[in-house]
Amino acid sequence: MSDQKRLFLVDAYALIFRGYYAFIKNPRINSKGLDTSAIMGFMNSLLDVIKRERPDHLAVCFDKGGSADRVEMFEAYKANRDETPEGIKTAIPHICEILKAMHIPIMVKDGYEADDVIGTLSRQAEKEGYKTYMVTPDKDFAQLVTENIFIYRPVFGGGYETWGIEEVKKKFEVENPLQVIDFLGMMGDSSDNIPGLPGVGEKTAKKLLAEYGSMENLLANTHELKGKMKEKIEGAKELGLLSKKLATIMLDVPVTFHAKDFELDQPDLPKVTEIFQELEFRQLLANFEKTFAVEATSSETTSASNTTELKATPKETASAGAGQFSLFGGDISTSKETETISEFTRKTAETTSHFYQSVASGMATKLFIKNLMNQTSVCFDTETTDINPLVAELVGIAFSWEVGKGFYLPFPENKEEAQELIEQLRPFFENESIQKIGQNLKYDIKVLAKYHVEVKGKLFDTMLAHYLINPDMRHNMDVLAETYLNYTPISIENLIGKKGKNQLSMRDVPLEKQTEYAVEDADITLQLKEHFEKELGEANTQKLFDDIEIPLLRVLAAMELEGINLDEKFLNSLSEQLENDIKDLETKIYAEAGETFNIASPKQLGDILFDKLKLVDKPKKTKTGQYATSEDILSYLAKDHAIIQHILDFRGLSKLKSTYVDALPTQVEPSTGRVHTDYMQTVAATGRLSSNNPNLQNIPIRTERGRQVRKAFIPRSEDYILLAADYSQIELRIIAALSKEETMINAFKNGEDIHASTASKVFNVPIEEVTREQRSNAKTVNFGIIYGVSAFGLSNQTDLSRSESKELIDTYYATYPKLRNYMSELVDFARDNGYVQTVLGRRRYLNDINSRNAVVRGAAERNAVNAPIQGSAADIIKIAMINIYEKLQTGNFKTKMLLQVHDELVFDVYKPELETIKTLVKTEMENAYKLEVPLDVELGIGNDWLEAH
DNA sequence: TGGCGCTCCTA
DNA sequence: GTAGGAGCGCCAA
């Protein structure tokens with residue numbers, strides 16, 4: 001700390017608002033019905049600042065009566081600011097009372113805003129040689145920054161950042177902080193009701209500022225501008241100057257900085273205590289006392305949470321825990337949590353007897369592992385440095401095999417030492433006869449795989465179990481614990497903060513907290529397992545769990561670890577081509593529109609198309625009142641207006657570029673040079689997988705331009721080739737088989753083109769005379785059936801009118817009567833049982849099936865038809881994946897399974913194995929499940945994914 | 001900074 | 001009409 005004296009000026013309302021909204025989802029209401037969110041939030045921030053910075057001078061500044069001057073200048077100033085929430089209004093007197101008790105000066109001047117007061121005081125203090133820190137999240141203050149004046153800005157997730165001149169220059173792209181005023185004046189600020197220049201947003205403001213340096217200079221040189229922008233800005237010169245004035249913080253408020261008054265001294269503790277007790281701030285009071293107790297004594301105090309090194313720390317009903325948590329940061333969530341107990345009587349680690357121990361290295365570890373090896377079933381949970389298992393390092397592993405009891409093995413940061421420790425655990429993980437229990441084991445398996453440890457033996461994954469028991473719910477552990485165990489676990493945010501750049505690593509958490517958190521997770525997971533085990537017994541769920549989802553978990557882990565090779569160079573060149581084409585289209589569109597605008601903004605686009613160009617008499621609107629500009633609507637207009645086609649092309653190319661061509665290379669994992677998607681096994685209600693980070697299940701294929709992206713997916717080396725294996729028409733085959741519709745079954749048995757066959761029967765023409773259009777319509781109906789058709793939907797999809805569509809559907813049902821029966825049976829089954837199921841007994845519950853609302857009920861009925869079909873297809877490919885993986889393992893093949901896209905599997909095939917693999921894959925896929933209808937798989941090979949199709 | 005609406009990509 | 005994920009704009013309250 002330098003010798004220079006430091007003054008902290010707190011922007012009260014900004015912090016009060018911030019604190020209030022931090023609790024907005026879970027407002028703090030005390031027993032007297034008072035909403036204390038704002039008070040709590042503000043006090044947390046204030047104490048935090050005091051604790052971190054120990055300022056010698058501090059004042060809190062408030063607004064009073066708005067700014068008379070500004071209102072005079074511009075009547076709309078802050079006019080449309082929402083009414084201050086009730087919870088904030090009621091908080092102010094309490095906050096003032098606390099500040100008084102703390103002997104902290106409250107600075108407020110009638111008719112001035114806190115900005116102006118702070119601005120003025122900071123300048124005065126600067127003259128007296130102070131360094132001033134303006135405590136506020138508000139960016140407007142950037143204009144006040146000098147060598148001695150800083151913004152002290154709270155950041156999300158806890159912590160603060162200090163903005164000096166350099167930071168301001170960087171953030172706003174300006175030469176000096178004063179230009180922030182010009183910047184705000186140009187851009188405007190809707191929350192402060194600064195109008196700004198019309199059509200100028202953040203980006204344009206930065207551009208103009210770089211070019212002209214100030215508002216005045218810009219307005220003096222508008223003749224240099226072009227097009228619409230010139231017009232708009234020339235027409236708004238007055239507004240521009242006014243905006244700048246409104247954005248300027250005043251430095252001549254009649255207040256005076258008296259250093260003596262601003263000195264931070266000891267609070268009136270009895271008074272503060274009384275107020276806090278009145279408000280029922282137990283946690284905050286403890287925090288407060290600690291903050292000022294340290295102040296009063298010396299700064300030597302060591303943290304109470306410093307654990308004695310690696311010592312076992314058994315704890316029965318930890319009562320001291322809460323106080324310790326609030327020592328450093330995280331005050332908000334901690335106090336929220338402890339308050340929650342009193343409100344809901346939900347159990348937590350604080351209120352539940354438990355015995356969680358960390359295990360010391362050396363002999364203790366040896367003894368622990370010996371004990372571990374004697375178990376038959378153990379729950380474990382890895383704690384790591386990252387949610388991405390490919391880069392995650394082990395921080396520790398928790399184990400539990402008895403409810404309420406468990407152990408935590410911390411891992412050294414040194415890689416070799418960590419590997420040595422994991423070697424000691426290898427016999428446990430690779431023991432076939434010890435059951436391993438966990439929540440989302442795929443993650444742990446992938447982490448351990450990076451340490452070359454395989455997890456063998458029977459598995460029980462509580463997340464998968466719950467997915468089968470109740471697919472519609474969410475399956476994260478906190479939800480499960482609260483639902484099934486009435487228990488609220490310690491939140492991860494409590495330990496490492498909210499996500500954001502200030503989030504800590506698990507490594508930074510004190511061992512004692514790591515232990516409490518990690519072992520609690522293992523303990524809870526163990527309890528959940530005992531709970532779900534019973535529920536799984538029902539129906540076919542147990543089989544589905546044991547035979548499909550659990551084995552699949554290992555398969556997916558392997559596929560994800562494997563990743564796929566990506567031709568980045570190719571994508572980069574594709575990106576350049578797209579960039580050029582997009583630029584060209586942009587130029588054309590601006591010319592056609594007569595002005596520049598953001599084509600990617602549906603709002604702006606709609607205004608141009610329908611307000612300015614008036615392409616349509618009565619444009620359609622979306623539910624939010626904007627003009628609808630979706631593809632199907634624009635397509636109608638394309639033939640009449642050149643601009644429409646250009647816009648559609650622009651959209652298509654931009655989408656391609658941003659979502660695929662530019663995004664994929666950024667998803668390449670540096671450590672492997674490959675793209676590793678994450679398959680979600682528990683999100684799709686039907687039993688399908690989903691893929692993300694990146695989503696490799698929606699790579700374009702339909703358009704020529706789009707499918708080029710597939711060329712970027714290539715084999716691992718020249719010795720390999722890609723194999724794509726597709727189920728042909730699997731969903732139609734399933735519905736044919738399940739409905740026992742012989743006509744359709746026979747068509748499949750004879751290997752006919754099913755859509756042509758359907759057309760032939762429906763339109764009553766010989767199959768060889770079916771026209772393109774007839775086949776296309778038949779195809780649409782075939783797909784419509786799978787989704788639960790309506791005449792309305794069909795006519796939307798085809799050129800047919802509503803009545804023609806109805807007729808087509810009727811004929812279709814007449815042709816395939818059993819299919820229709822089957823569909824109504826499914827709906828009946830759902831009505832009677834409340835669920836439908838797949839061939840393997842995977843259930844989807846349909847609560848809305850008996851709804852009195854026809855729209856809601858209709859949706860449930862379509863689900864009743866679609867879920868068994870889509871879900872059965874998902875079951876079947878899962879079986880195939882498990883069997884193929886097994887064969888690839890036992891056969892010691894170099895070939896790897898890489899991707900699954902619902903009805904397709906992609907393999908990286910070692911060329912010498914190609915013929916064997918082709919037979920293996922086709923056989924396993926076609927025989928994964930026995931149906932009345934043969935399953936057919938088409939194979940394709942190639943040096944990229946497109947060629948393999 | 002987060003959430004929502006819109007749009008668009010897949011099976 | 002079914003099932004998903006993602007990017008972008010836009011506005012918070």
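Excluded from the calculations below are hydrogen atoms, water molecules and symmetry mates; all remaining heavy atoms, backbone and side chain alike, are included. Each chain gets a letter, A, B and so on, in the order its sequence line appears, and its residues count up from 1.
Looking at heavy-atom distances under 4.0 Å, A:Ile701 makes contact with sugar-phosphate atoms alone, never a base. Using a 4.0 Å heavy-atom criterion, one finds that A:Ile699 contacts the sugar-phosphate atoms exclusively. Within 4.0 Å (heavy atoms only), A:Glu904 reaches no atom of the nucleic acid at all. Looking at heavy-atom distances under 4.0 Å, A:Arg844 makes contact with sugar-phosphate atoms alone, never a base. Nucleic acid contact for A:Thr780: base, since at least one base atom lies under 4.0 Å from a heavy atom of the residue.
With sequence neighbours excluded, the residues satisfying side-chain hydrogen bond (donor to acceptor under 3.5 Å, both in side chains) with A:Ser801 are A:Ser803, A:Glu804. The side-chain hydrogen bond (donor to acceptor under 3.5 Å, both in side chains) check on A:Gln729 picks up A:His755, with sequence neighbours excluded.
Distances shown here put every side-chain N or O of A:Thr659 at or beyond 4.0 Å from the OP1 or OP2 atom of C:dA6. Proximity of A:Arg651 to the phosphate of B:dC8: a side-chain N or O atom is located under 4.0 Å from OP1 or OP2. Residue A:Asn695 has no polar side-chain atom (N or O) positioned under 4.0 Å from OP1 or OP2 of C:dG4. OP1 or OP2 of B:dT7 has at least one side-chain nitrogen or oxygen of A:Thr629 nearer than 4.0 Å. At C:dG7, none of the side-chain N or O atoms of A:Ser654 fall inside 4.0 Å of OP1 or OP2 (strictly under the cut-off). Checking the phosphate oxygens (OP1, OP2) of B:dG5, no side-chain nitrogen or oxygen of A:Thr624 falls inside 4.0 Å. Contact check, A:Thr686 against C:dT2: no side-chain N or O comes under 4.0 Å of OP1 or OP2. Listed pair A:Arg688 / C:dA3 fails the phosphate criterion, with no side-chain N or O lying under 4.0 Å from OP1 or OP2.
Ring centroids of A:Phe829 and A:Tyr835 are separated by less than 6.0 Å, placing the two rings close together.
For the pair A:Arg153 and A:Asp138, the salt-bridge criterion is not met [side-chain N within less than 4.0 Å of a carboxylate O]. With respect to A:Glu579 and A:Lys583, a salt bridge is recorded, a charged nitrogen being found less than 4.0 Å from a carboxylate O. Using a 4.0 Å cut-off between charged side-chain N and carboxylate O, A:Glu549 and A:Arg842 make a salt bridge. The pair A:Asp607-A:Lys603 does not count as a salt bridge, with every side-chain nitrogen at least 4.0 angstrom from each carboxylate oxygen. Between A:Glu947 and A:Arg710 there is no salt bridge, since none of the side-chain N atoms of the basic residue sits less than 4.0 Å from a carboxylate O of the acidic one. Salt bridge present: A:Asp662 and A:Lys657 bring a charged side-chain N and a carboxylate O closer than 4.0 Å.
What separates CZ of A:Phe783 from P of B:dT10 is a distance of 13 Å, to the nearest Å. Rounded to an integer number of Å, the gap from NZ of A:Lys621 to P of B:dC6 is 13 Å. Nucleotide C:dA6 holds its P atom 6 Å from the CG atom of A:Asn693, rounded to whole Å. Distance CG (A:Leu689) to C1' (B:dT10): 14 Å, rounded to an integer number of Å. Taking atom NZ of residue A:Lys603 and atom P of nucleotide C:dC11, one finds them 5 Å apart after rounding to whole Å. Residue A:Lys657 contributes atom NZ, which lies 16 Å from atom C1' of C:dA6 at whole-angstrom precision. Regarding A:Tyr660, its OH atom lies at a distance of 10 Å from the P atom of C:dA6, rounded to whole Å. If you measure from atom CD of A:Gln626 to atom C1' of B:dG5, you get 10 Å, rounded to the nearest angstrom.
Of the candidate nucleotides C:dG1, C:dG7, C:dG9, C:dG7 has the atom nearest to the side chain of A:Ser658. Set against C:dC10, C:dG7, B:dA11, the side chain of A:Ala663 has C:dG7 as its closest nucleotide. In this structure, the nucleotide among B:dC6, C:dG1, B:dC9 sitting nearest to the side chain of A:Lys623 is B:dC6. Checked against B:dT10, C:dT2, C:dA6, the side chain of A:Tyr787 finds its nearest nucleotide in C:dT2. The side chain of A:Pro602 approaches B:dT7 more closely than any other nucleotide in the set C:dG1, B:dT7, B:dT10.
Using a 4.0 Å cutoff on non-hydrogen atoms, the parts of residues 863-879 of chain A near DNA chain C are A:Asn863, A:Asn866, A:Gln870, ordered by number.
Looking at A:Lys655, its side chain has no donor and acceptor atom pair within 3.5 Å of the base of B:dC9.
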